[in-house]
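Working notes, structure below.
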Amino acid sequence: MKRIFLLAALVLLLQPLRADEGMWLPVLISQRIGDMQAKGFKLSAEDIYSVNQASLKDAVVLFGGGCTGEVVSDEGLLLTNHHCGYGYIQRHSSVEHDYLKDGFWAMDRKSELPNRGLTVSFLERMEDVTAEALKGYDKSMTESMRDSVVRANSARLIQNAVKEGKGLRASVEALYYGNQYFLFVYKIYRDVRLVGAPPSSIGKFGGDTDNWMWPRHTGDFSIFRIYAGKDNEPADYSEDNVPFRPRKSFKISRKGAQPGDFTFVYGCPGSTKEYVVSDDVRYVAEVSDPQKIDLRTQRLDIMKKYMAQDQAVRIQYSSKAAGVSNAWKKWQGEAKGIQKMNTVASKQAFEAKFRQWAKGTEYDGLVDKLSALYEKRNPYYHAYEIYSESIRPIELLQFAGNVRAALSAKRPIDGTVESFFKDYYQPIDEEICAAMLKAFDASMEDGFKPAYFKEKMAQYGSAEAWQKDLFSKSLFTDKAKVLALTPDDIDKVTSDPAYELSDAFNEWYIETLRPVISETGEQIRLLNRDYMRAQMEFEPNKAFYPDANLTLRVAYGHVQGYKPSDAVEYAPVSTLKGIIEKDNPDIFDYNIPQVLRDIYAEGGHENQPVCFLATNHTSGGNSGSPVINSDGNLIGINFDRVWEGTMSDIVFDPDVCRNISIDIRYLLFVVDKIGHAGYLFNEMNFAD
Ligand code: ARG
Ligand code: ASP
């Protein structure tokens with residue numbers, strides 16, 4: 001009895017450092033349920049995760065390979081983001097049916113569109129297998145022996161796990177840098193069909209202008225349905241498949257999100273690093289992010305200049321520019337947030353205390369060893385990052401490499417060639433090529449530059465002259481010439497200046513950079529395992545959540561606005577009124593469908609909620625995650641964070657780290673009033 005009290009007291013003590021920080025493992029949620037309930041949650045740990053009964057986890061999926069989705073009907077209806085379904089919606093689109101532009105609504109089951117390659121993964125169970133994974137390991141072994149032991153044991157665990165049922169996939173994941181291993185068993189459904197998507201002017205409203213921003217008014221949702229064989233088990237696409245019957249689906253709440261309301265995001269954050277040393281954070285904030293931002297600014301400026309001049313170019317490059325600008329904006333918030341939080345200094349202060357504590361223990365000297373490794377790694381890693389963000393993105397070079405690979409493998413090249421030229425505007429690539437050669441020259445230390453690069457720069461005298469000659473001589477700018485290539489023409493390809501340049505850099509990377517990067521990376525990974533364990537011993541009363549690795553997590557918090565800067569304060573809920581305020585037919589990102597203007601003009605919709613902010617600790621991969629209220633019902637779909645808080649992947653600031661969700665009532669509004677697909681409501685379960 002006494003022990004139980006002690007344990008309970010301990011659990012209460014185990015608070016994370018900052019309120020609402022953390023992405024917790026569902027299987028261990030009993031350790032946090034007390035705190036969740038104290039903050040308003042009315043359900044139990046078993047309701048969140050259970051292997052004995054249906055629980056909320058059975059209604060959450062990993063959507064594709066990098067988003068989250070949730071089941072909202074007994075017939076497999078699934079919600080995720082528009083930006084998660086984007087690629088699939090695009091593949092079904094053509095000039096005749098432009099579903100990206102006009103939206104898509106299947107008016108009956110037969111019209112739902114299959115998506116080759118799209119899967120959703122349900123977590124069957126997760127389980128601590130640390131002892132099994134380390135079976136046969138003893139401390140006298142080297143690290144590489146330990147790795148082989150873990151690998152062999154994991155392979156066996158996985159093999160046994162997938163035998164348990166149909167369509168299973170299993171993996172053993174290292175948590176806390178390999179201090180713990182967990183087995184994850186997923187059931188993978190592979191017939192997932194598109195049911196509905198709003199027009200992009202709603203689903204992507206605000207575009208890259210509003211991306212990572214508040215106030216936000218994006219209707220970022222799309223609707224799919226999971227199909228199964230007649231036995232309800234995973235099956236390849238077939239007309240005979242039937243809607244999947246889930247163990248659990250979310251009930252929808254129309255109560256909405258009021259400031260202060262409890263919120264809980266259940267999904268799959270991709271990658272965070274909260275426990276690394278100050279040297280790692282300093283590199284990110286002071287070297288890596290600023291460098292990458294600068295190189296991307298240059299590329300984006302060039303793209304935007306040409307996109308503004310020509311509608312066709314805008315269409316060709318909008319998705320490319322979106323890809324470049326997403327991380328570009330995120331890094332700006334990350335670097336700024338780390339500076340503002342003084343994370344490097346506070347980590348250094350922590351490390352000073354830690355060093356004292358570690359004296360005479362097995363952790364003595366650990367932080368210094370890590371520092372030394374970063375010092376060795378960073379110049380090489382920096383060179384690699386400059387290369388990745390300058391030379392590598394030059395489209396012509398990538399194209400030359402792809403064609404060469406296809407020819408060597410004796411694969412047909414027509415598809416590659418057609419899709420390249422469909423969205424290629426040579427003046428953009430030329431200008432980017434010259435700018436990036438110049439930027440590489442300026443940002444890279446001389447000792448690091450590839451010999452090939454130095455020779456060419458000496459030969460031509462300037463980046464522009466080199467670029468001009470390259471584009472005038474390369475056969476890859478000429479579609480007909482490329483299409484005429486056969487596997488016998490490999491020599492023509494390898495002596496082409498575009499291929500030569502990309503190959504010289506690739507070789508330089510493999511020979512000069514990669515050996516140091518992988519060796520130091522490996523050692524850092526191993527020392528981080530000790531450092532993680534040491535931090536847990538150093539602060540035994542702190543609750544540590546494992547860094548994200550695309551496994552299912554629980555993040556809980558509450559609806560709240562924030563103050564981004566002096567004298568500015570953001571309210572947490574946006575409305576349709578704000579969409580009308582932003583509406584502008586002349587600005588692509590803000591040009592709403594006429595029908596939405598007409599509906600608004602009818603009156604009575606000013607206060608229609610659209611998006612809301614909350615304090616949930618989320619990351620990339622949490623897009624599409626269900627946002628759940630204190631009753632366990634669905635009130636929204638997570639899709640973004642505010643840029644001022646994107647350092648939450650490294651350090652969480654409760655003052656400004658906010659996730660952004662679409663209010664489920666806006667989804668219902670759009671389905672009904674824009675899609676006229678209100679029939680979908682018949683299969684949804686409404687809690688209130
Ligand atoms: N920032 C969000 C995320 O990281 C949304 C990205 C898609 N939207 C866009 N406008 N590019 O995925
Ligand atoms: N937009 C991100 C995603 O696609 C979510 C985030 O980074 O907050 O997962």
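We count ligands from 1, going down the list as the structure has it; atoms in each ligand are counted the same way. Remember, predicted model here, so these are calculated numbers, not experimental data. The figures that follow rest on heavy atoms only: side chains count, while hydrogens, waters and symmetry mates do not.
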salt_bridge(D649, K330) N-O dist < 4.0 Å = yes
For ligand 1, find out whether one of its N or O atoms is nearer than 3.5 Å to an N or O atom of S623.
-> no
Would you kindly check if the NZ (Lys) or CZ (Arg) of R525 is within the cone defined by 45 degrees around the ring axis of Y177 and under 6.0 Å from the six-membered ring centre?
-> no
Which protein non-hydrogen atom lies closest to atom 10 (N) of ligand 1, naming both residue and atom, and how far is it?
-> D208 OD1, 3.2 Å
Can you find a non-hydrogen atom of G207 under 4.0 Å from ligand 1?
-> yes
Hey, does the Lys NZ or Arg CZ of K57 hover above the aromatic six-ring of Y49, less than 6.0 Å from the centre and inside 45° of the axis?
-> yes
Can you label the angle between the Y189 ring and the F122 ring as parallel, tilted or perpendicular, going by 30° and 60°?
-> perpendicular
Distance SG-SG for C84, C67 less than 2.5 Å | yes
Which heavy atom of the protein is the closest neighbour of atom 6 (C) of ligand 1, given with residue, atom name and distance?
-> N326 OD1, 3.5 Å
To the nearest 0.1 Å, how far is atom 12 (O) of ligand 1 from its closest protein heavy atom, and which atom is that?
-> H83 NE2, 3.4 Å
According to the interplanar angle, ranging from 0 to 90°, do the rings of Y86 and H82 count as parallel (below 30°), tilted (30 to 60°) or perpendicular (above 60°)?
-> perpendicular
For the side-chain contact (heavy atoms from CB on, under 4.5 Å) test, which of V71, I664, I628, I635 pairs with F250?
-> I628
Closest to atom 2 (C) of ligand 1 among protein heavy atoms sits D640 OD1, 3.2 Å
Taking the six-membered ring for Trp, is the centroid-to-centroid distance between Y556 and Y266 below 6.0 Å?
-> no
Near N211, which atoms of ligand 1 are under 4.0 Å from a heavy atom of that residue?
-> 1 (N), 2 (C), 5 (C), 6 (C), 8 (N), 9 (C), 10 (N), 11 (N)
Below 4.0 angstrom, N of the basic side chain to O of the carboxylate: do R597 and D583 qualify?
-> yes
At a 4.0 angstrom heavy-atom cut-off, what protein residues surround ligand 2?
-> H83, W212, S619, G620, G621, N622, S623, F639, D640, R641
